[in-house]
K.L.:
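Okay, here's the structure, questions in a sec.
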Amino acid sequence: MRYSRLLIPTLKEDPSDAEVVSHKLMVRAGMIRQVARGIYDLLPLGLRVVRKVEHIVREEMDRAGAQEILMPAVCPAGLWQESGRWDQYGKELLRIKDRADREFCFGPTHEEVVTDLVRREVRSYRDLPINLYQIQSKFRDEIRPRFGLMRGREFIMKDAYSFHTDYEDCRREYQHMFDTYTRIFERCGLTFRPVEAATGAIGGSMSHEFHVLAESGEDALVSCPSCRYAANVEKAEIRKGESPAVESAVGAPQKVETPGRRTIEEVSAFLKLGQESFIKTLLFSTDSGDTIAALVRGDHELSEDKLVSVLGCQSVAMAESAEVLKHTGAAAGYAGPIGLKIRIVADHALDGVTGAVVGANEDDCHLVEVDQRRDMSSLEFADLRTAAPGDGCARCGEGAYDGHRGIEVGQVFYLGTKYSEAMGANVLGENGKQQVVEMGCYGIGVTRTAAAAIEQHHDEGGIVWPLALAPAHVHLVNVKSKDEALSASCDELYDAFLAAGVEILYDDRNERAGVKFKDADLIGIPYRVTLGPKGVEKGVAEVKRRNATDAEEIPLGDVVRVLAERINTELSL
RNA sequence: CAGGGUGUAGCUCAGUCGGAAGAGUGCCGGCCUUGGAAGCCGGAGGCCGCUGGUUCGAGCCCAGCCACCCUGACCA
């Protein structure tokens, strides 16, 4: 690729609408341009990176025995009505109509379409297992897309769906995909971690997320150094602490006035008591229409995911203020567990607390000197709060969690029969009877993986691509394009790289050396080969790795062979 | 969607009191240069987001709309 012939509109300054590094650098390096919110053009270099991710994903999925197909992006409403998601999915589902007013959606995921395909074409247990995947543009009309390719509305995803006669086989494939994902992200050259995850709206009962570790990651994770357990903080199991010794304080809770102080922070400052002395009372409405109260310590965060699984419902939402008033008799901010007539679940950390502060269920009042065992003896305890670094690991019972931040680039799900049952995907079993198939689904955010790679690999000068994802392997810089002898040597070198099958970007522009070096750093191709008048005279090219500080000189006659070898060696690791 | 913010040259941004649209950078041409974003000269480039209103006069004031960004719920 000759730089002078490519559309690589680099920018000196950060674009004003970008927040995170990957977004800024992809725009500055001329890889992407925004078309509308959450919707981007992929320019030549950006597309090359995306293709690299796709290539690795495709090779590994094929190797794993999955079959590539391509389903439609525009899907008929009927299939979605069958699964129930036409109504459940909400506004995130982009709905469109054709000329006859028939309803369609732009697929955000393809369980319905693939299940429909399988129920029509697969009739015997002998045709199972089967794993079908595609790499395709998806559209999710997110409330707030942001961070460039990290959270676009239109994005490229690899989605795979497997079908099995029984749970055991589905579990086997789940593990197989888990291992495949591990290979994929290793080959991408990324530092990542698979973690146990909540299952969310897609449903199912077992799931792992694959996170690329980066400071700027949106997800908080914890991992146990003693065992290998790692999980999203929303899900990570927390070891029960020792119950504090019971000290009988004053005989009964005392009411204190806390006018206008609603939040834990405000009341804590007002009463001059630490937030850990508070019991946070949160009212939630469940999807089945109940209102319940959840208690966590004042300095802890409630995990809605954990609450949902404790309650055994589909979803919860913070109760409306009218609902809070109805059950507590007070405005939001003064709710407390004492005297509440609804179901109350409390986090383990509250077991046996004394001297606590709770809302009084009366405007502008709180109760102090609350003793859990004395005043709230019938609490239902569960693990309800989000985990934080330092919390004890519940799996091994030994370690204390380390904290990480991650970018979710992949997820594997055990789906069970959620879709196959709703849509009647059956096969004839060995015993001659119809049986519902078991399903798993496995996603990778291809465009997000490209962005995550930058979040993890960059410096002040720009992107530092892992070799496997780089838009090219070698960036050849002609230091002085007007020097005809030099340019002839560069052209020759370029042709030699091409002949050797090395992916190369040749900066043949008539620009000063400094400009070319700056752009080379920004674009981040791993091997920079620099040729100048002095080098030609000495018969050497200068080779510098993007992440190295020093360069080395390699004889012109050897440089193509040497680099081709290094690149091939590194890529085959 | 709710709350906040911003829309002026390709990009980053100034624009005072309502009175002749600017800078830096990029782009084009020329000279001079050529190993980390050189210098000089010349030039092109503007629906000041859109529509309406107020005014002798609007980039600036008012109203409506649109787009984008930030904080929240969602997620590959």
K.L.:
If the P atom of B:C11 is compared with that of B:A21, how far apart are they to the nearest Å?
P.N.:
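So the two P atoms sit 22 Å from each other.
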K.L.:
Using the P atom on both, measure B:A38 against B:A2 and round to a whole Å.
P.N.:
49 Å
K.L.:
Quick one: on RNA chain B, does A:M150 or A:K91 contact a more 5' nucleotide (nearest heavy atom)?
P.N.:
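That would be A:K91.
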K.L.:
For nucleotides B:G24 and B:G45, find the distance between their C1' atoms and express it as a whole number of Å.
P.N.:
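About 15 Å, rounded to a whole number of Å.
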K.L.:
Starting from C1' on B:C74, measure out to CD on A:E304 and report it in whole angstrom.
P.N.:
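Rounding to the nearest Å, CD of A:E304 and C1' of B:C74 are 12 Å apart.
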K.L.:
Quick one: A:D141 CG to B:A73 C1', roughly how many Å, whole number?
P.N.:
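In whole Å, B:A73 C1' and A:D141 CG are 14 Å from each other.
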K.L.:
Describe the nucleic acid contact of A:D14 in one word from base, sugar-phosphate, nothing, applying a heavy-atom distance below 4.0 Å.
P.N.:
sugar-phosphate
K.L.:
Can you tell me the pairing partner of B:G39 across any strand shown, Watson-Crick or G-U wobble, with both distances under 3.5 angstrom?
P.N.:
B:C31
K.L.:
Round to a whole Å and report the spacing from CZ of A:R151 to P of B:A76.
P.N.:
10 Å
K.L.:
Kindly give the heavy-atom pair with the smallest separation between A:R405 and A:L221, and that separation in Å.
P.N.:
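The answer is C-CD1, 4.5 Å.
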K.L.:
For A:E234 and B:C75, what is the distance between atoms CD and C1' respectively, to the nearest whole Å?
P.N.:
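Result: 13 Å.
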K.L.:
Tell me what A:P15 touches on the nucleic acid: a base, only sugar-phosphate, or nothing, going by heavy atoms under 4.0 Å.
P.N.:
sugar-phosphate
K.L.:
I need the CG-C1' distance between A:L11 and B:G10, as an integer number of Å.
P.N.:
9 Å
K.L.:
Give the ring-plane orientation class for A:F185 versus A:F192, where under 30° counts as parallel, over 60° as perpendicular and anything between as tilted.
P.N.:
tilted
K.L.:
Name the pairing partner of B:A2, where a pair is Watson-Crick or G-U wobble with both distances under 3.5 Å, or state none.
P.N.:
B:U71
K.L.:
Identify which nucleotide among B:A37, B:U12, B:A76 has an atom closest to any side-chain atom of A:D519, counting heavy atoms from C-beta outward.
P.N.:
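So the side chain of A:D519 is nearest to B:A37.
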K.L.:
What integer number of Å spans the P atoms of B:G49 and B:G59?
P.N.:
10 Å
K.L.:
Could you tell me if A:T180 and A:E60 have a donor-acceptor pair between their side chains, going purely by distance under 3.5 Å?
P.N.:
no
K.L.:
What nucleic acid atoms does A:E408 come within less than 4.0 Å of, heavy atoms only: base, sugar-phosphate, or nothing?
P.N.:
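Contact class for A:E408: sugar-phosphate only.
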K.L.:
Name the orientation class of the two ring planes belonging to A:H208 and A:Y174 (parallel below 30°, tilted from 30 to 60°, perpendicular beyond 60°).
P.N.:
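Rings of A:H208 and A:Y174: tilted, 30 to 60°.
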K.L.:
Scan A:E13 against the nucleic acid and name what it touches under 4.0 Å (heavy atoms): base, sugar-phosphate only, or nothing.
P.N.:
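It contacts base atoms.
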K.L.:
Taking atom C1' in both B:G22 and B:A14, compute the distance separating them and give it to the nearest angstrom.
P.N.:
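The answer is 7 Å between these two C1' atoms.
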K.L.:
Judged by atom type as modelled, is there a donor-acceptor pair below 3.5 Å linking the side chain of A:W465 to the main-chain atoms of A:I523?
P.N.:
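Here the side-chain-to-backbone pair exists.
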K.L.:
What class does the angle between the rings of A:Y3 and A:H475 fall in, given that below 30° is parallel, 30 to 60° is tilted and above 60° is perpendicular?
P.N.:
tilted
K.L.:
Reading nucleotides 67-72 of chain B from the 5' end, what letters show protein touch, with B for base, S for backbone sugar-phosphate only, - for no heavy atom under 4.0 Å?
P.N.:
-SSBBB
K.L.:
Hey, does A:R28 reach any base, or is it just sugar-phosphate, or nothing, if we go heavy atoms under 4.0 Å?
P.N.:
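Result for A:R28 = base.
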K.L.:
When you compare B:U54 with B:C60, how far apart are their C1' atoms, in angstrom units rounded to a whole number?
P.N.:
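About 14 Å, rounded to a whole number of Å.
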K.L.:
In whole Å, I'd like the distance from the CG atom of A:D305 to the P atom of B:C74.
P.N.:
8 Å
K.L.:
Using purine N1 to pyrimidine N3 plus N6-O4 or O6-N4 for Watson-Crick, or N1-O2 and O6-N3 for G-U wobble, each under 3.5 Å, what pairs with B:G59?
P.N.:
none
K.L.:
Evaluate side-chain hydrogen bond (donor to acceptor under 3.5 Å, both in side chains) for A:S487 paired with A:N478, printing each intermediate quantity in order.
P.N.:
CA-CA 7 Å; A:S487 294; A:N478 178 348; 3.1 Å; yes
K.L.:
Considering only the C1' atoms, how many Å lie between B:G7 and B:A44, rounded to the nearest integer?
P.N.:
25 Å
K.L.:
What does A:D219 touch in the nucleic acid at a heavy-atom separation under 4.0 angstrom: a base, only the sugar-phosphate, or nothing?
P.N.:
base
K.L.:
Please give the distance between the P atoms of B:G15 and B:G72 as a whole number of Å.
P.N.:
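To the nearest whole Å, 30 Å.
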K.L.:
Between A:Q456 and A:T191, is there a donor-acceptor pair closer than 3.5 Å when you use the side chain of the first and the backbone of the second?
P.N.:
yes
K.L.:
Return the pairing partner of B:C17 with a 3.5 Å limit on both distances, Watson-Crick or G-U wobble; otherwise return none.
P.N.:
none
K.L.:
Is it the case that the side chains of A:D116 and A:Y419 hold a donor-acceptor pair, with the cut-off being a distance below 3.5 Å and no angle test?
P.N.:
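Per modelled atom types, A:Y419 and A:D116 side chains form no pair under 3.5 Å.
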K.L.:
Looking at the rings of A:F139 and A:F155, which for Trp means the six-membered one, are their centres under 6.0 Å apart?
P.N.:
no
K.L.:
Check whether A:Y527 forms a cation-pi arrangement with A:R545 (NZ or CZ under 6.0 Å from the six-membered ring centre, at most 45° off the ring normal).
P.N.:
yes
K.L.:
Provide the Watson-Crick or G-U wobble partner of B:A9, both distances under 3.5 Å; none if there is no partner.
P.N.:
none
K.L.:
For a quick test of reading the model: is some side-chain N or O of A:K12 closer than 4.0 Å to OP1 or OP2 of B:U12?
P.N.:
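For A:K12, the contact criterion (side-chain N or O under 4.0 Å from OP1 or OP2 of B:U12) is not met.
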K.L.:
Check the interface with nucleotides 32-36 of chain B: list each N/O to N/O pair with the protein under 3.5 Å, or write none.
P.N.:
residue: B:U33; atom: O2; partner: A:R512; partner atom: NH1; Å: 3.4
residue: B:U33; atom: O4; partner: A:K482; partner atom: NZ; Å: 3.1
residue: B:G35; atom: O6; partner: A:G532; partner atom: N; Å: 3.4
residue: B:G35; atom: N1; partner: A:E542; partner atom: OE1; Å: 3.4
residue: B:G35; atom: N2; partner: A:E542; partner atom: OE1; Å: 2.4
residue: B:G35; atom: N2; partner: A:E542; partner atom: OE2; Å: 2.7
residue: B:G36; atom: O6; partner: A:R528; partner atom: NH1; Å: 2.8
residue: B:G36; atom: O6; partner: A:R528; partner atom: NH2; Å: 2.9
residue: B:G36; atom: N1; partner: A:D521; partner atom: OD2; Å: 3.2
residue: B:G36; atom: N2; partner: A:D521; partner atom: OD2; Å: 2.2

K.L.:
Answer yes if the side chains of A:S216 and A:E455 hold a donor-acceptor pair under 3.5 Å, and no otherwise.
P.N.:
yes
K.L.:
Find the distance A:E111:CD to B:C75:C1' and express it as a whole number of Å.
P.N.:
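That distance rounds to 13 Å.
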K.L.:
Output the rounded distance in Å from CD (A:Q411) to P (B:C74).
P.N.:
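Going from A:Q411 (CD) to B:C74 (P), I get 13 Å.
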